[in-house]
Structures are given as structure tokens and as C-alpha cells.
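Worksheet: the structure to be examined is printed underneath.
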Amino acid sequence: MLKAELLEIIANGENSGVEFKRDDCRPEQLAKEIVAMANLRGGMILLGVEDDGTISGIQRRNLEVWVMDTVFAAKVHPMIIPFYEEVALEEGKRVAVVSFPLGTTKPYVLRHNNREEIYIRVGSTSRPATREQQARLFASGEILHPELLPVAGTSFKSLDLERLRDYFINVIHDFDVPKSDGAWIQRLIALGFMVKVLESTPVCTIAGLLLFGVSPRRFLRQSGIRVLVFEGNDKTYRALLDRVLDGPLVGLWHINEGGERMLTDTGFGLIDRFAEIVHPFVSEESDIINENFRRERRWLYPLEAMREACINALAHRDWTRSVDIEVGCYSDRMEFISPGALQNTMTVEKMIAGQRSPRNPLIVEVLRDYGYVEARGMGVRTKIIPLMRQQNRVEPIFEATDDYLKTILPRRKTCIYGMP
């Protein structure tokens with residue numbers, strides 16, 4: 001947001017879609033305003049502005065983390081994904097702008113003191129919803145997969161158009177490619193990659209942004225993968241590598257002269273970038289020189305098992321949780337931590353047996369279109385488990401809690417030479 005635009009909003013004062021707040025308010029006070037606006041038409045909260053429009057500036061340290069985790073994640077239900085930005089004004093003062101669209105899974109509630117309270121916006125005030133108003137909110141709400149939730153702050157320009165064209169033409173072989181931005185938006189809304197919320201400008205869904213977004217983490221901070229590498233068996237003060245990968249899930253391909261689809265040098269998707277960055281830490285060169293005077297590379301874990309564990313973490317995680325996927329490389333194992341409990345009635349036993357119950361079916365289907373996900377959708381049973389048994393002589397370990405699913409690939413003491 002531009003400085004002049006923000007000053008104009010402040011000058012116009014509070015209304016049904018704009019609220020001013022100091023940043024030292026209690027989390028439940030801020031959540032109350034968010035819930036009320038989400039139950040109306042969405043809105044914008046300016047932190048660091050007094051009720052009368054005086055700009056006091058933000059004072060709280062790590063304000064974005066507090067807003068995302070302490071307010072939105074802990075106090076607002078169902079989950080809303082806001083767009084957060086800070087704007088610098090005169091005298092070194094900064095104002096935080098927290099915007100979010102109309103909620104699509106009404107009614108939204110404030111969770112506080114073991115209670116759930118429903119609020120609505122009336123003019124510039126938020127007040128408890130009456131029984132009749134609550135009934136209307138329930139009637140207007142929709143039940144949908146979280147991957148179809150709108151991501152505030154995004155637009156058609158947030159998506160990689162070249163990657164979308166490649167998906168249409170070369171992946172699903174749909175040559176009726178839209179010719180204008182308006183036609184693109186209509187098609188993407190129909191496919192679930194964008195969503196229109198009443199009269200507001202269409203925005204990306206979680207699925208659309210994750211699959212084809214130019215920089216998904218700018219708008220959805222839990223997107224991407226955090227990769228950590230340690231020398232020992234536990235987390236230490238200093239990591240050999242601590243890097244967060246950002247980018248669209250899918251790669252950008254081109255057709256070479258032989259008619260083969262090849263991944264472009266600059267078109268790596270998140271899955272491909274993960275494979276590239278982690279390889280030096282999960283492979284070693286042999287001390288033995290082969291008949292071609294080359295040192296063979298030995299792999300500490302089966303490549304397909306690592307790739308499948310990474311894809312599963314991305315495809316099946318709970319995207320409403322503002323926590324990174326974390327991949328840890330240790331001296332004795334690899335760990336893939338996917339945020340969120342197992343979906344529906346899924347259990348580790350059912351997963352190992354091959355039962356399928358995707359939390360994010362649209363993301364899974366697109367990854368299957370690209371070949372990232374195997375056709376049967378049983379990668380744990382058909383890839384991770386047999387490959388670990390065959391090549392590492394150990395069983396993979398799966399730990400499921402209310403907060404995450406952890407996939408552990410134990411390292412084989414004797415390395416595997418010459419694996420492709």
C-alpha cells in the first residue's frame with residue numbers, strides 16, 4: 001500500500017470495513033474486530049492508529065508474528081489468512097495494515113476463555129450477533145476444503161502466467177488458452193485457483209497461490225519448506241544449513257527439439273528446488289574410482305523415498321496452520337515434519353495400509369497431472385516403505401500428533417553406491 005493511500009484511509013475515519021487500533025491491545029480485542037468484519041464483507045485493521053485517527057505508530061516487537069499466531073491462529077475460527085504489511089510514515093512512525101476478505105465459512109467466532117462468541121459489524125462498531133443474525137450467518141456459510149480459502153492481498157498478477165500456460169497446453173493438453181486477463185480470471189475461478197468474494201476483486205485461493213504463485217510466501221507465510229542440516233543427531237546451536245525455500249510447487253517445462261519435456265534452468269518448482277538443495281547433504285562420493293576413472297556417488301537414503309516424503313508433506317499438510325514444513329537432516333536420519341493432525345479419520349495404520357483421504361484434493365490432483373504424485377496416491381505404501389526396506393534395510397517411522405505428522409527415514413550404516 002502506498003503512503004498517500006494509507007493517509008487517505010486514515011483521514012476518512014473508521015467505518016464498517018476499517019478499524020483503528022493501538023498495537024498494545026489484547027489479542028481477544030483485536031480478534032473481535034476481525035470476526036465481526038469477516039462476518040460482514042471483510043475489512044482492514046490499521047495497527048498504530050488511535051480511534052481519532054492520530055498516528056501513534058507500532059511499538060510491539062515481532063508484531064507480524066503476534067498478529068498471525070496469537071490473534072488469527074489462536075483466537076479466530078475458522079482460520080482466516082490475512083495480508084500483513086507495514087507502511088512507513090513521517091517521523092519514523094510505521095503503521096501495520098492487516099487486511100482480509102469476506103469470510104466464506106461463516107459464522108466466524110472469537111475463541112476466548114473456553115467460549116465461542118459471534119460478532120457482526122454495524123457501522124464502525126462490532127457487537128454480539130443476535131440469534132436471528134447468527135442463523136443468517138450459518139445459512140450463508142459454505143463448507144469447503146481449506147485449500148480453497150481466499151488469500152488476502154493477492155490478485156491475478158500474483159500468479160505465474162507462463163507456468164499456467166504450460167500447465168494448460170503441455171500438462172493437461174487444453175489448447176483453449178484464455179486470451180485476456182478477464183478470461184484467465186474466469187477460468188481460474190472455475191478451476192478453484194482463484195475466488196471472487198462478492199463485489200471485491202478476485203483473489204487467489206490457497207491452492208492456486210501454492211501451485212502457481214510467483215512468490216507464495218509473500219502472502220502466505222507458512223508456504224515453502226524450511227530445510228535444516230546438522231552434523232550430529234540433534235539440533236545444535238549452529239546448523240550447517242538453515243534455509244527457507246519459497247516458490248510455486250510445480251516446475252516450468254519446455255519442449256526440446258526431440259519433442260521431450262525438459263525442466264528449464266530457471267523453472268524449478270519447490271519440489272525440484274528441495275531435491276537440488278538437499279542432495280549434497282544426503283549423498284557422498286565413493287573413495288573408490290570405477291573403471292571409467294570416476295568416483296561413484298553413494299546415497300544415504302533412497303531418492304524416491306525422500307522425494308515422496310517431501311511431496312506428502314506439501315500435499316497433505318494443514319495449510320491453515322501458520323507453521324513451516326520442516327525437513328531436518330541429521331547424522332543418523334532425515335525428518336519430514338508436516339503441520340497438522342492427520343485428516344478426517346486417517347491414522348498411521350490406515351496410511352501404511354494404503355488408505356487414501358486427501359486433505360487438499362485440488363493440490364493433489366494438479367501434482368498428479370505433473371507426475372509428482374503417483375497415479376494410485378499410495379506413495380507411503382508403494383514407495384517409502386519398500387524402498388527403505390530394500391535399500392536401507394530399515395523401516396521408516398511415522399509419528400502422528402495433534403500438531404504434526406513426522407516421517408523419519410533412518411540412515412543405513414553402510415551407504416548405497418551407484419544409486420541413480
Side-chain angles (χ1 to χ4, degrees), residues 1-2 5-6 9 15-18 34 37-45 72 76 78-85 97-108 121 137 140-169 171-172 174 176-223 246-250 252 319-320 360-366 369:
M1 175 179 293
L2 298 177
E5 183 182 357
L6 175 60
I9 292 173
N15 55 49
S16 60
V18 176
I34 294 166
M37 289 181 175
N39 282 330
L40 183 63
R41 292 176 178 268
M44 177 186 302
I45 295 177
F72 275 89
V76 179
M79 181 69 176
I80 296 174
I81 300 171
F83 180 62
Y84 179 97
E85 59 181 326
V97 182
V98 184
S99 55
F100 47 92
L102 165 72
T104 56
T105 51
K106 298 178 183 178
Y108 286 85
R121 192 77 170 174
L137 289 171
S140 64
E142 300 177 23
I143 299 176
L144 72 168
H145 293 283
E147 65 178 345
L148 299 181
L149 289 174
V151 182
T154 60
S155 67
F156 174 61
K157 293 183 179 179
S158 305
L159 302 176
D160 186 333
L161 188 56
E162 187 178 4
R163 214 169 291 254
L164 282 166
R165 285 197 181 99
D166 174 62
Y167 175 66
F168 273 72
I169 297 172
V171 178
I172 62 174
D174 181 350
D176 184 19
V177 177
K179 301 297 190 299
S180 66
D181 289 0
W184 267 112
I185 291 171
Q186 287 185 356
R187 181 76 65 84
L188 296 177
I189 290 174
L191 290 172
F193 299 144
M194 294 189 73
V195 62
K196 183 173 176 60
V197 183
L198 292 182
E199 295 84 8
S200 61
T201 302
V203 297
C204 302
T205 61
I206 292 179
L209 184 68
L210 291 171
L211 290 164
F212 302 107
V214 175
S215 182
R217 201 171 176 85
R218 177 186 173 195
F219 306 98
L220 191 67
R221 73 186 188 95
Q222 62 265 41
S223 64
D246 185 21
L249 294 185
V250 301
L252 176 61
W319 287 105
T320 67
N360 306 299
L362 178 56
I363 292 175
V364 170
E365 285 303 315
V366 173
D369 290 338

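The figures that follow rest on heavy atoms only: side chains count, while hydrogens, waters and symmetry mates do not.
In this structure, Ile80 and Phe72 approach most closely via the heavy-atom pair O-CD2, 3.5 Å. Contact detail for Cys204 and Ser158: the closest heavy-atom pair is SG-CB, 4.1 Å. Heavy-atom minimum distance, Lys106 versus Leu137: CB-O, 3.5 Å. Annotation for Arg121 and Asn15: closest pair NH2-O, 3.0 Å, computed over non-hydrogen atoms. Taking every heavy atom of both residues into account, Gly43 and Met37 meet most closely at CA-SD, 3.9 Å. Met1 and Val97 make their closest contact through CE-CG1, 4.0 Å (heavy atoms, listed as atom of the first residue, atom of the second, distance).
Note that the CG atom of Leu164 and the CZ atom of Arg187 stand 11.0 Å from one another [nearest 0.5 Å]. To the nearest 0.5 Å, atom OH of residue Tyr84 and atom OG of residue Ser99 are 11.5 Å apart. Atoms CG and CE, from Leu149 and Met79 in turn, are 9.0 Å apart once rounded to the nearest 0.5 Å. The structure places CH2 of Trp319 at 7.0 Å from CG of Leu220, a figure rounded to the nearest 0.5 Å. The CD1 atom of Ile45 sits 4.5 Å away from atom CZ of Phe100, with the distance rounded to the nearest 0.5 Å. Between the CZ atom in Arg165 and the CG atom in Leu252 there is a gap of 11.5 Å [rounded to 0.5 Å].
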Under 3.5 Å, side-chain donor or acceptor atoms of residues 206-215 against the rest of the protein: list the pairs with distances, not counting sequence neighbours.
| from | atom 1 | to | atom 2 | distance (Å) |
| --- | --- | --- | --- | --- |
| Ser215 | OG | Asp246 | OD2 | 3.1 |

Throw together a table of side-chain donor-acceptor distances under 3.5 angstrom for residues 176-183, partners on residues two or more places apart or in other chains.
| from | atom 1 | to | atom 2 | distance (Å) |
| --- | --- | --- | --- | --- |
| Lys179 | NZ | Val177 | O | 3.1 |
| Ser180 | OG | Ala183 | N | 3.2 |

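The 12-atom threshold is exceeded at CD of Glu85, counting heavy atoms of other residues, nucleotides or ligands nearer than 6.0 Å. In the displayed structure, Arg218 atom CZ is contacted under 6.0 Å by at most 12 heavy atoms of other residues, nucleotides or ligands.
With contacts defined as side-chain heavy-atom distances shorter than 4.5 Å, the pair Ile81/Val151 qualifies. Contact of the Leu159 side chain with the Leu188 side chain is registered, since non-hydrogen atoms from C-beta on lie closer than 4.5 Å.
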Please determine whether side chain to side chain contact (heavy atoms under 4.5 Å, CB included) holds for the pair Phe83 and Met44, giving the CA-CA distance in whole Å, both sets of side-chain angles, and the decisive distance to 0.1 Å.
CA-CA 9 Å; Phe83 180 62; Met44 177 186 302; over 6 Å; no
Evaluate the criterion side chain to side chain contact (heavy atoms under 4.5 Å, CB included) for residue pair Val195 and Leu148; output intermediate values, then yes/no.
CA-CA 8 Å; Val195 62; Leu148 299 181; over 6 Å; no
With side chain to side chain contact (heavy atoms under 4.5 Å, CB included) as the criterion, how do Phe193 and Leu362 come out once you've worked through the C-alpha distance, each side chain's angles and the decisive distance to 0.1 Å?
CA-CA 9 Å; Phe193 299 144; Leu362 178 56; 3.9 Å; yes
Verdict with supporting geometry, Asp166 and Val250, side chain to side chain contact (heavy atoms under 4.5 Å, CB included)
CA-CA 10 Å; Asp166 174 62; Val250 301; over 6 Å; no
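Checking side-chain atoms of Asn39 against main-chain N and O of Tyr108 turns up a donor-acceptor pair under 3.5 Å. Side-chain atoms of Asp160 come within 3.5 Å of backbone atoms of Arg163 as a donor-acceptor pair (strictly under, hydrogens ignored).
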